[in-house]
Amino acid sequence: MAKALLGYVGGPDPRLLAEMRRLQQRVQDLESELTRMQAENDALAAVADEQRLLSSIDVPQREPALT
């Protein structure tokens, strides 16, 4: 009964299984890319915060260089 409802009699379609494996691999690839990009974004945000902090320090006058 279940096979008739699904539309197949001879078991799972190999093309469908291959497509499922391909899509699962693509999802894994995209998830790893997302993780890598989030880590890169966090690193860039930390650098930007550091630059913002350094530029916010007000130095009224430069000190003379030692000779």
Side-chain angles (χ1 to χ4, degrees):
M1 176 80 177
K3 288 181 181 179
L5 290 174
L6 290 175
Y8 347 22
V9 179
D13 184 3
R15 292 172 296 177
L16 183 62
L17 292 175
E19 181 70 7
M20 282 286 282
R21 280 194 292 278
R22 186 186 72 78
L23 290 173
Q24 287 171 341
Q25 183 61 47
R26 180 71 174 139
V27 168
Q28 274 185 338
D29 293 345
L30 290 172
E31 286 173 341
S32 64
E33 174 99 5
L34 177 63
T35 302
R36 183 189 64 78
M37 291 180 83
Q38 285 174 333
E40 185 177 336
N41 188 45
D42 292 344
L44 290 172
V47 169
D49 287 343
E50 183 179 323
Q51 291 296 327
R52 198 173 308 119
L53 177 65
L54 290 175
S55 66
S56 69
I57 297 173
D58 187 27
V59 179
Q61 179 179 351
R62 292 187 176 196
E63 296 180 13
L66 297 175
T67 57

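Quick caveat: nothing in here was measured; it's all calculated off a predicted structure.
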Review point. R15: what forms a side chain to side chain donor-acceptor pair (under 3.5 Å) with it, not counting sequence neighbours?
Key: D13

**Study point:** Partners meeting side chain to side chain donor-acceptor pair (under 3.5 Å) with Q25 (sequence neighbours left out)
**Key:** D29

Review point. Rounded to the nearest 0.5 Å, how far apart are CD of Q28 and CG of L23?
Key: 12.0 Å

Review point. In Å and rounded to the nearest 0.5 Å, what is the CD to CZ distance from E19 to R26?
Key: 12.5 Å

Indicate every side-chain donor-acceptor pair of residues 40-54 with a distance under 3.5 Å to a residue at least two apart or in another chain.
residue, atom, partner, partner atom, Å
E40, OE1, R36, NH1, 3.1
D49, OD1, R52, NH1, 2.7

